[in-house]
Amino acid sequence: MQVQLERVLEQVLARNPGEREFHQAVTEVFESLGPVLERNPQYVDAAVLERLCEPERQIIFRVPWVDDHGQVRINRGFRVEFNSALGPYKGGLRFHPSVYLGIVKFLGFEQVFKNSLTGMPIGGGKGGSDFDPRGRSAGEVMRFCQSFMTELYRHIGEYTDVPAGDIGVGGREIGWLFGQYKRITNRYESGVITGKGVTWGGSLVRTEATGYGTVLFAERMLATRGLSFDGMRVAVSGSGNVAIHAIEKAQALGGHVVACSDSLGYVVDEAGIDLEVLRQVREVERLPVAEYATRRGGGAHYVPSARVWQVDAQVALPCATQNELDETDAKRLVESGLLALAEGANMPLTPEAVALLQSAGVLYAPGKAANAGGVATSALEMQQNASRDAWSFEHTEERLAGIMARIHDNCAETAEEYGDPGNYVLGANITGFTKVADAMLALGVV
Ligand code: NDP
Ligand code: 2IT
């Protein structure tokens, strides 16, 4: 079976040259699948692996817009509709200058397994643009969103493909994207996009869901060793949507969060991160995280051009971007007493860093399991839109907590069933894969 996997992997790498992150994501999943194929030769006969790695549809388009000085600008837009065996394509949009097809495909591929793990009826997709929102006025970002949707609108729909946010796309951008969709189509189709404002079709808890869910997953994982967040020293990377809500939930559970970061550097605050100040700086004023240290005065300090993993921590929550924690960082964290790491971001660890944590016996939760609370709550938003209902915060958070607990337990049980207890990578990949593969078999060669 190993030979089969290697043959398909070789094909995938050759057919998608230069897409480094996509190669990384596929390789990581394939490394878990040997024993599943042994038990289920029907997957091999039906070429499930080959089909899974070939997106159902890939859309690349020009996004022209005019900046505040009247200059015409051109960006590239993407939507990769990866797999719809379990439901409409579902996944976020990322606006960041590093975005190219390989990033969108890695994210779309991960999304297929993540969405399967949620237990909700959603397929996988991802999109975005190499547009850089940094330093752009609100007017420029709005015109960009409108131009982006002017092409994207013809590809999406409640039953077809349902985008949401990701890096660089938050509630503000979802509003402008949905506004343009509504204007072009003349339809108030709430279910076409998620992450909407709560007064116009959004769901309570969606904003918080990814960060909260990551911490809830970590909490359950810690509990398998009789541990909890209470009194734990926590380091978080990033200071965007996922990071801020991970900090909030970790603190609510008694964790002592001492550090967070952005792409320019990190801040350490031994008294514990003051969320009110962090939110004011990052969400309201949209300033770099360095400003947090300035406002906190003597208590906090800022370290420019360095990774937050220099800070000692018992629990690490990477919530920024892919490959932001490498083998050297992992080694240092283990030496500093790391007990657990849960990925709020997508693929934030290099493969070498993952291997190091696993061999050191650190509890490790891969993003496709740990950060699935965001997209799961998007599916709850779709449910509310379909029934023209709006649930309370408490009810929705309870649903999220139930989903995270189930994902954790399913991954843990599968890992045990396959003879490697505590290996959440194996558990997540096999559980996510099996459900999609079975649906693909049932739907025939399509
Ligand atoms: P935001 O745009 O809100 O925040 C991103 C944060 O990460 C910022 O602090 C940003 O710093 C930092 N960052 C971005 N790119 C880099 C980089 N190349 N190097 C270092 N730091 C970087 O995004 P989200 O919080 O929504 O997303 C964070 C991660 O979580 C991503 O991996 C995303 O795919 C993942 N995720 C998001 C979900 C969601 O619901 N939003 C759901 C599941 C996963 P700066 O401002 O300086 O760029
Ligand atoms: O990576 C992710 O799961 C997201 N950015 C959220 C996707 C969604 O559709 O809510």
Side-chain angles (χ1 to χ4, degrees), residues 21 87-99 103-104 106-115 117-118 120 122-128 132-135 156 161-174 193-196 202-203 205-214 236-247 260-267 278 281-283 286-292 305-308 317-325 342-349 366-382:
E21 297 81 2
Y89 312 107
K90 181 82 196 87
L93 298 170
R94 177 178 291 191
F95 292 170
H96 193 271
S98 62
V99 168
I103 293 269
V104 183
F106 118 64
L107 290 164
F109 185 76
E110 287 283 294
Q111 200 83 49
V112 174
F113 301 93
K114 182 194 305 189
N115 293 5
L117 282 169
T118 65
M120 314 293 287
I122 41 179
K126 200 84 185 190
D132 187 358
R134 187 182 302 222
I156 61 178
D161 182 355
V162 184
D166 194 82
I167 291 177
V169 179
R172 183 183 71 161
E173 289 74 21
I174 294 294
I193 197 163
T194 61
K196 300 180 293 295
S203 171
V205 191
R206 176 62 191 89
T207 308
E208 295 84 357
T210 310
Y212 278 20
T214 302
V236 177
S237 68
S239 47
N241 171 272
V242 180
I244 283 177
H245 296 100
I247 294 171
C260 66
S261 68
D262 64 12
S263 57
L264 304 173
Y266 69 88
V267 290
L278 185 66
V281 167
R282 296 291 287 156
E283 292 182 339
R286 295 175 183 267
L287 294 170
V289 80
E291 181 62 19
Y292 172 88
S305 310
R307 289 174 170 182
V308 69
L317 303 172
C319 298
T321 194
Q322 64 279 348
N323 293 325
E324 52 154 318
L325 195 161
E343 296 183 344
N346 286 305
M347 208 169 74
L349 268 63
K368 62 171 74 74
N371 73 37
V375 74
T377 309
S378 277
L380 299 180
E381 181 173 333
M382 291 163 73

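Each ligand, and each atom within it, is numbered from 1 in the order the structure gives.
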Hey, what do you get for CG (Asn323) to CD (Glu21), rounding to the nearest 0.5 Å?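 Reported to 0.5 Å precision, the distance equals 6.5 Å.
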
Is the backbone of [Y] close enough, under 3.5 Å, to the side chain of [X] for a donor and an acceptor to pair up by distance?
| X | Y | answer |
| --- | --- | --- |
| Glu291 | Pro288 | no |
| Asn115 | Lys90 | yes |
| Asp262 | Gly265 | yes |
| Glu381 | Lys196 | yes |
| Glu343 | Lys368 | no |

Contact residues of ligand 1, where a non-hydrogen atom lies under 4.0 Å away: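 Only Arg94, His96, Lys114, Arg134, Asp166, Ile167, Gly168, Arg206, Thr210, Gly238, Ser239, Gly240, Asn241, Val242, Ser261, Asp262, Ser263, Arg282, Cys319, Ala320, Thr321, Gly344, Ala345, Asn346, Asn371 have heavy atoms that fall under 4.0 Å of ligand 1, ordered by chain and number.
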
Does any donor atom in the side chain of Ser237 or Glu324 lie under 3.5 Å from an acceptor atom in the other side chain? yes

Nitrogen or oxygen contacts under 3.5 Å, ligand 2 side and protein side:
| from | atom 1 | to | atom 2 | distance (Å) |
| --- | --- | --- | --- | --- |
| ligand 2 | 1 (O) | Gln111 | OE1 | 3.4 |
| ligand 2 | 1 (O) | Lys114 | NZ | 3.0 |
| ligand 2 | 1 (O) | Lys126 | NZ | 2.9 |
| ligand 2 | 1 (O) | Asn346 | ND2 | 3.0 |
| ligand 2 | 3 (O) | Gln111 | NE2 | 2.9 |
| ligand 2 | 3 (O) | Lys114 | NZ | 2.8 |
| ligand 2 | 5 (N) | Lys126 | NZ | 3.2 |
| ligand 2 | 5 (N) | Gly165 | O | 3.1 |
| ligand 2 | 5 (N) | Asp166 | OD1 | 2.9 |
| ligand 2 | 9 (O) | Lys90 | NZ | 2.6 |
| ligand 2 | 10 (O) | Arg206 | NH2 | 3.0 |
| ligand 2 | 10 (O) | Ser378 | OG | 2.6 |

By side-chain contact (heavy atoms from CB on, under 4.5 Å) - contacts of Asn346 (at least two apart): Phe106, Leu107, Lys114, Lys126, Asp166, Asn371

Asp132: what forms a side-chain hydrogen bond (donor to acceptor under 3.5 Å, both in side chains) with it, not counting sequence neighbours?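 Applying side-chain hydrogen bond (donor to acceptor under 3.5 Å, both in side chains) to Asp132 gives none.
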
